[in-house]
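Every number for a ligand or one of its atoms is a count from 1 in the order of the listing.
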Amino acid sequence: MDTASARVVVLAGGVGGSKFTLGVREALRRAGAPAATVVVNTGDDLWLSGVRLQPDIDSVLYALSGVNDSVRGWGRTGDTERVNAELQAWGAGWPWFTLGDLDLGTHLARTGWLRDGLTVTQVVERLSQRWNLGVRMLPMTDTEVDTHVLLQDGRRMHFQEWWTRHRATLAPAEFENPGMAEALPAPGVVEAIADADVVLIAPSNPVVSIGPILAVPGIRAALRATAAPVGGVSPIIGGKVVRGMADVCLTAIGVETSAAAVAAHYGARSGGGVLDAWLMAEEDADAAAAVDGLGIRAVVAPLWMRDLEHSAALADAALRA
Ligand code: FO1
């Protein structure tokens with residue numbers, strides 16, 4: 001594949017997805033290639049205090065615009081919390097969930113446009129116009145398919161309550177996306193995958209970030225049908241999650257927290273899955289043969305995205321793989 005003319009599609013969610021997308025943008029810019037299309041998870045979206053939040057969309061939006069709070073991992077850098085304090089004084093919203101003032105501007109704009117009748121895709125397009133993102137960002141679907149967690153004790157709650165309030169400490173039995181069976185891929189998603197020269201699955205949470213994208217009816221089939229090779233990047237390094245609590249999510253669906261087990265979970269395209277190649281860390285190199293044995297080409301590469309240089313080098317390795 002000639003990187004300089006490659007049409008690249010990235011499936012992404014969360015911090016891992018944002019960092020990887022930054023790297024892809026940089027690698028493609030250096031190669032003089034066209035902008036990538038990034039299909040973003042909307043499974044962790046929610047309604048709170050009357051506004052629509054799209055944490056993964058905003059994570060990618062803010063990171064690509066350079067206005068993200070990279071220390072905290074969510075929201076805007078330098079944000080203040082005056083409105084949040086008022087909401088809490090009213091007993092509105094969730095006391096454990098912070099809505100920054102600048103961040104609320106995004107949520108209000110989004111909610112207003114949704115109320116005006118725009119689709120999620122159209123709203124994302126509008127949000128993308130404020131800053132020069134250098135990628136085309138698409139939501140995975142226009143349908144609301146917010147993730148709910150069914151706990152082992154029988155309770156159900158929104159993913160964000162489980163994740164931010166309980167820090168994934170309540171034993172999950174299942175992750176559900178009500179409405180998913182009727183959802184459609186957002187306009188442009190299937191076409192982008194079909195027309196791609198390469199598709200990359202970012203090192204995002206395989207269960208609650210990439211899982212919902214693959215669960216949108218039609219997206220998995222598009223990945224299986226495209227002539228483009230599909231490569232994934234392991235979110236597990238040295239048998240540990242890079243960030244977040246993905247290990248709890250993996251355990252809940254019966255997948256071991258290892259690079260090889262996540263590759264097996266996605267599966268080889270030759271065996272009904274979605275992967276042709278899998279980038280795994282040097283720390284996990286001894287599992288490369290097992291991944292090859294699944295029919296997925298294992299590529300060992302440095303996966304730590306410490307800064308833009310490392311993210312761009314990883315993206316470049318993924319594109320070449
Ligand atoms: N994560 C937290 O741990 N605490 C918060 O108060 C919080 C607020 C928040 C507000 C807007 C937003 O877009 C994301 C926010 N996040 C917060 C991050 C988010 O809950 C998760 O990390 C992601 O959804 C998982 O990918």
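Every atom of ligand 1 is numbered from 1 in the order shown, and the set under 4.0 Å from a heavy atom of Asp56 is 26 (O). Under a 4.0 Å criterion applied to the non-hydrogen atoms of Asp103, ligand 1 contributes the atoms 10 (C), 11 (C). Which parts of ligand 1 touch Trp163 is read off a 4.0 Å heavy-atom cut-off, strictly below it: atoms 21 (C), 22 (O), 25 (C).
Annotation: Tyr266 is in aromatic contact with Trp278 [ring centroid separation under 6.0 Å].
Note on Leu303 and Val198: same hydrophobic cluster, where clusters join Ile, Leu, Val, Met, Phe, Trp and Tyr whose side-chain heavy atoms are under 4.5 Å apart, directly or indirectly.
The proximity of Val208 to ligand 1, defined as any non-hydrogen pair under 4.0 Å, does not occur for either the backbone or the side chain. Under 4.0 angstrom from ligand 1, there are no non-hydrogen atoms of Val15. Within the 4.0 Å heavy-atom criterion, the part of Trp96 lying near ligand 1 is the backbone and not the side chain. At a heavy-atom cutoff of 4.0 Å, ligand 1 is contacted by the side chain of Gln160 but not by its backbone. The side chain of Trp74, and not its backbone, has at least one atom closer than 4.0 Å to an atom of ligand 1 (non-hydrogen atoms only; side chain from C-beta on).
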Problem - Verdict with supporting geometry, Asp284 and Ser258, side chain to side chain contact (heavy atoms under 4.5 Å, CB included) - result: CA-CA 8 Å; Asp284 301 305; Ser258 75; over 6 Å; no

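Using a 4.0 Å cut-off between charged side-chain N and carboxylate O, Arg76 and Asp103 make no salt bridge. Classification of Arg7 and Asp197 as a salt-bridged pair holds, one side-chain N sitting under 4.0 Å from a carboxylate O.
Among Leu61, Leu53, Thr98, the residue whose heavy atom lies nearest to atom 6 (O) of ligand 1 is Thr98. Between atom 25 (C) of ligand 1 and the options Leu99, Asp44, Leu46, the minimum heavy-atom separation is to Asp44.
The aromatic rings of Phe159 and Trp162 sit tilted relative to each other, their planes meeting at an angle between 30° and 60°.
Distances shorter than 4.0 angstrom occur between a heavy atom of Arg167 and an atom of ligand 1.
Annotation: Glu125, atom CD; neighbour count of heavy atoms from other residues, nucleotides and ligands within 6.0 Å does not exceed 12.
Contact annotation: the side chain of Asp69 never approaches that of Trp74 to less than 4.5 Å [non-hydrogen atoms, C-beta and beyond].
Pro55 CA, 3.3 Å is the protein heavy atom nearest to atom 13 (O) of ligand 1.
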